Structures are given as structure tokens and as C-alpha cells.
Amino acid sequence: MINPFKLLGISDDVVNAVKDLGFENPTPIQEQSIPVLLEGNNDFVGLAQTGTGKTAAFGLPLLELIDFKSNKPQALILCPTRELCLQITNDIKNFSKNTSGANVVAVYGGANIMQQLREIRNGVQIVVATPGRMLDIIGRKAIDFTNVKYVVLDEADEMLNMGFQEDINDILSTTPDDKKTWLFSATMPPEVRRIAKNYMDSPVELTMGTKNTGNVNIEHEYYTVRARDKYAALKRIVDFNPEIFGVVFCKTKMDTQDVAEHLIKDGYNADALHGDLSQQQRDKVMQRFRDRHMQLLIATDVAARGIDVNNVTHVINYSLPDEIESYTHRSGRTGRAGKTGISICIVNSKEIGKIRQIERIIGKQFTKASLPTGFDVCEKQLFALVHKVHNVEVNEAQIEQYIPRIMDEFAELSKEDVIKRFASLEFNRFLEYYKNAPDLNATDERGERGERGERGERGARSNEGYTRLFINLGSVDDFTRGDLLSFVCNNGKISGKSIGKIDLKGVYSFFEVEDATVDALFNNFKGVEFNNRGVRIEKTAEGDGGGRSRGGFSGGGRREGGSYSGGRSGGDRRSGGGYGGGRREGGNSGGGFRDFSGRSREDRGAGRREGGSSDRKRRS
Ligand code: AMP
């Protein structure tokens, strides 16, 4: 059978190289764009998401079109971030590994410019660059673009978002007029349209999927929580997904750092990636994430742009992006290379409008999801543990010598008892954390304002034998205490004698009810409305059995008090190939099931801020 890349017009050397990378069939974008670009005489606009195989879509045709006997730059690829620059360079080097004489250079800020200049002097045909450093090198007259035949503008929308418009103008003005320009963008805002209009001559336009539409492999979910419960909600989502390998997006560098530090402190295997880190630190963080030695990457939009890590299971929008269009880029970190992924937004009730806007942009509906209860988390973690125990690889040679002693130790116990004990070893810890876990879901209509005054009141103690309940009715509904009493009794079908103290408030109230009648009351209140509004009763925090206050139970998690006293070694993780199989060292410090990367404390501080540039308009 003829290789499908060959059928598209790619030569044997390159076909063999992509075969070695495991590319068996072209992706849809490759199938559509390779034949067009191979003609070499068109300008081109490709509306495509990241993760769709876009690098090969332009990289493979370039390799066919370039004259590798000449050592002059013939193709310039501009992209927004250093990470993307390195990825593209690396990909093209891989595609051209059998192509004799092919030289590619990565030109980006934050790295030694002398080395880059040396590589350029030695002769290159393909330059992959971020705009700032490229301009610097052009300013030094260290590169000659008179032989450039192709310019690729990759993630054009992001370059413009980052304020590179002028730099791009300046760079393009040093390239010949008759070059061909190929533009790729995930979205097509008017600014990108303008570039296409100004720099291109009747470009061939290809849209992979619908305009601005997100990857079809991605499910979109949102959780509504009170603003103060965001972190607890994040932890609960992570705890409910023991195998998560995710990117958490925050709006600012400070938030990114903050969330990462909290997660690390709480025993999660996380780290921060943002513009205030030195290049070396960013590389280190990215490498650990790529190697899956880290489970959660907490990142700003800019820092995470162009991250090409396959198998990311979840993208979590800890805060929604200011520019709604950025959502497409964020969610595009998952569902790559044909895999499925979940993009989650943690929002407060005021942000639902933004979710609707995003839905319009991506052309897909979000699922409104409920945060799992503490019990759900415990159950999920228990079975993840059971699964892990079942599948663990036994090192027969090493364990053999200890078996007699182990058998001795368990001699008194039945198989069932041993199993119970192994499972409980970890399970108890989660049970302990989640035993008083509050419901973190905020209902849309409650809004933030209603919350504030209520915290202490909700936690107030009820009288012996009574449960204190919250109801979303109060004096603003023209209720007196008597009205409320009869409303509750009539709809709850209980006697007035079962009702204890009533605290009438503005938009809500509290009342006590005899413990024995609580269940009946809840049942009878299902579907009850007042003035076309659903009536809600809930146990208060005290009724839930736990406090909601900060420093009390704040959403479960790994550790309370007690220092994290170690973790498994990085080697462990590497050989384990995946998560969650870890032995915890240093006793039960209260961590969850998640294992730790084994980094040293200093290492873990790699997220420290170093001062410096702002994320936006950052020059490469
Ligand atoms: P890109 O959109 O270029 O960043 O590619 C996303 C991921 O898909 C990268 O990990 C590529 O290595 C991979 N990829 C690209 N093309 C193919 C293909 N034809 N078959 C399998 N994987 C691919």
C-alpha cells in the first residue's frame, strides 16, 4: 500500500521520517493543506486549532520546496512564544532528519544570542523565530532575508494579542515582495483578517472545522461555586480525577504562583509556569510536565501558549480569560492528536454570561456540572486505589525474601481482612478529609451578595434534637415569621410543633426543625415554588456536620496541618509510568492518594518570582 503522505506528494526521505514519528495517516488539516502548499505559488490562510497537526501541514511542504543545496534562509516561521518556537524547530528537525543538508535554527529571546548568530552564520535554510529576537538579529544585520520564499505566521491571532503587530510589519518589510505568506490562526478576529488583506495576494483559505470552533474532541463543563470556594472546588475536581494530567489556567502571574504554591503545600504534584520565571525555570517546569513527572501545570495564558503536550486529560479554567477568544487556545491544550479531553471552567454565578459568550464562539454547549460530594470523592479514590493495587507490577525477585515475614505478620488475618486493611490505609485519610465536606455548588440564582452575611449564621448551632435549615425566602418576600411557619408546615406537611426557632432575614431565613422530620420535609419540598421561583431548603453548615469557615474545612484535599514529610522518588514515578502508584514516605502526613514527584524543596520553589516583564506585550 502506498504511504498516504507519499500520495499527497511528500518525498520518501520525509515520508520515512514521519513514519518514524508514528504518523500513519495525515490529519484532516494535513490532507487539505499539503497539496495546496506544495504548489508553492499561493498565499495561504489556514483557520486551524493547535494540536491538529498544523506544524506538519506547513512543515512538510516547506521541506519539499526548499533548496537544501543552498545555505541561505529561504523560509521564515514566526510564532508567538519561545515554547512554540522550540517545538516547531524540533518538529522540523525530526521531519528533515533524512534530508541531507537541511538546517533549521530557533531564534527566541531569553537564550544566548551569540549561539543563535553562530548557527545563522554557519548557514540555515529555515529560521523559526519569535518576533522580538528576530528583530534584534535583523537590527544587527546578522541575517540576510533576500532569498526568503516562504513566510509562515503561526498562531497569528496570538502574536497580535501579544502586541507583535509592529514587529511583524518590520520583519516582513525585510523579506522579498514576491515571497509567499502562509498564515495559521485558531481564530479569525478582524486584526488577523487585516494582516491577510495587507500582506497577501488572493490567499487560498482553508477552514478546518467551523470558524472559531473548538476541537470536537473536547467536552466543555462548568461548575458554579462561590468565589471563596474556588480553590476548594479545584481540589475537589482534581481529587475526583485521580489520573488527571492537566493544565490549570489563571488570569495573572500572581494567581498562578499562588494556586501552584497552595497545591504544592497541600501535597499535589503541581508547579507554576508564567512570564516572571527565568527561561531556565520555565524549561525545567515544562520538561517535568512533558515527562509526566508533574501532574498539574498552573499557567498563565501567555506562558502556556503553544504548549504541545499530548495526553493532557483536563484543562481547568481557574479563572476565565479576559478575552473570550483565548478560551479556544486554553481548551486546545487538551484533546490533541485525536485524543479526547475535558475543558472545565470554575465560575461564580455572575460569570454565567461569559460562559454563554464562549458557547457562541466555540459553537458548542457547556454541560453544567455539579461538584462531587466528599463521599463521591472517597469512593472514586478508593476504587482508583483498588485498581492500582490490582495492576501493580510485582518485583518477584526482590519481594520474595520478605514474603515469609509478611505472611507471618498476616497469619492471623483472613484474605478479606488483609484487603480491608490495605484499602483502608489510604482510604481512611480521604474519609477523614471529606467527612465534613460541605456542598461547594452554588446555585445560579443565589449570587454572591446573598452569601456574605450568611456564613456565620449558617454555621450557628441548633438546639439539641433540632436541625437548623436555610430557606431562600425572607422578609423581602413579605414573609413574617408566622407566614414562614405556615409556609413550611403547609408545604412540608409537618406540624407546627416540629418547628423550633425561626430567624427571619432579608432574602433568606433559617429555621429549626425536629431531627426526625427533616427527611420528610426535604421530600415534601421537592418542586415547591413561591412566586414562580423554586424554593430551596438546605442544611446549614452546622447541619452538614462541619464548619465552612476558612481554616476549617475548605474543600477537602491532601493535608491539614502537619508538614508534608516526603514523597516518592522521581525514579519511582518514571518507572511507574503514570500516576498514583506511589508509596508515601515519611508516614501519614495527611496527604491524599496522590504521590509526589520527589523534588527537593528548593526545586519545588522553582516557581519563585524573579521580577521582570509583564505577561502581556512581552517581547520574545
Ligand atoms: P501540532 O498541531 O502540529 O502541534 O501537532 C499536534 C500533535 O499531533 C503533535 O504531537 C504531533 O506530533 C502530532 N501529529 C501531527 N500530525 C500527525 C499525524 N499525521 N499522525 C499522528 N500524529 C500527528
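In this text, all values refer to a predicted model and were calculated from it rather than measured experimentally. When a residue number appears, it is its place in the shown sequence, counting from 1. Whatever order the structure lists ligands and atoms in, that order sets their numbers, starting from 1.
Close approach of ligand 1 to Asn25 (heavy-atom distance below 4.0 Å) involves ligand atoms 18 (C), 19 (N), 20 (N). The distance from ligand 1 to the heavy atoms of Phe5 drops below 4.0 Å at these ligand atoms: 19 (N). Every atom of ligand 1 with a heavy atom of Thr55 under 4.0 Å away is listed here by number and element: 1 (P), 3 (O), 4 (O). Atom numbering of ligand 1 starts at 1 in the shown order; those under 4.0 Å from a heavy atom of Thr27 are 16 (N), 17 (C), 18 (C), 19 (N). Numbered from 1 in the order shown, with element, the atoms of ligand 1 that lie under 4.0 Å from a heavy atom of Lys54 read 1 (P), 2 (O), 3 (O).
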Next item on the list: For side-chain contact (heavy atoms from CB on, under 4.5 Å), just list the numbers for Asn42 and Lys180, CA-CA rounded to whole Å, side-chain angles, deciding distance to a tenth of an Å, and then say yes or no.
Entry: CA-CA 6 Å; Asn42 298 311; Lys180 299 299 164 209; 5.7 Å; no
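Within the set Phe184, Phe23, Phe58, the minimum heavy-atom distance to atom 18 (C) of ligand 1 is found for Phe23.
Contact annotation for Val18 and ligand 1: no heavy atom of the residue comes within less than 4.0 Å of the ligand. Neither the backbone nor the side chain of Gln87 has any atom closer than 4.0 Å to an atom of ligand 1 (non-hydrogen atoms only).
Each of Trp182, Phe44, Phe145 was checked for a ring pair (Phe, Tyr, Trp, His ring centres under 6.0 Å) with Tyr150, and the lone residue meeting it is Trp182. None of Lys251, Arg330, Lys253 except one satisfies the salt bridge (charged side-chain N to carboxylate O under 4.0 Å, His left out) rule with Asp301; the exception is Arg330.
Ring pair Phe95/Phe23 is perpendicular by interplanar angle, where above 60° counts as perpendicular and below 30° as parallel.
With Asp136 contributing its side chain and Gly132 its backbone, the two residues share no donor-acceptor pair below 3.5 Å.
Annotation: cation-pi pair Lys230/Tyr318 present, NZ/CZ under 6.0 Å from the ring centroid and within 45° of its normal.
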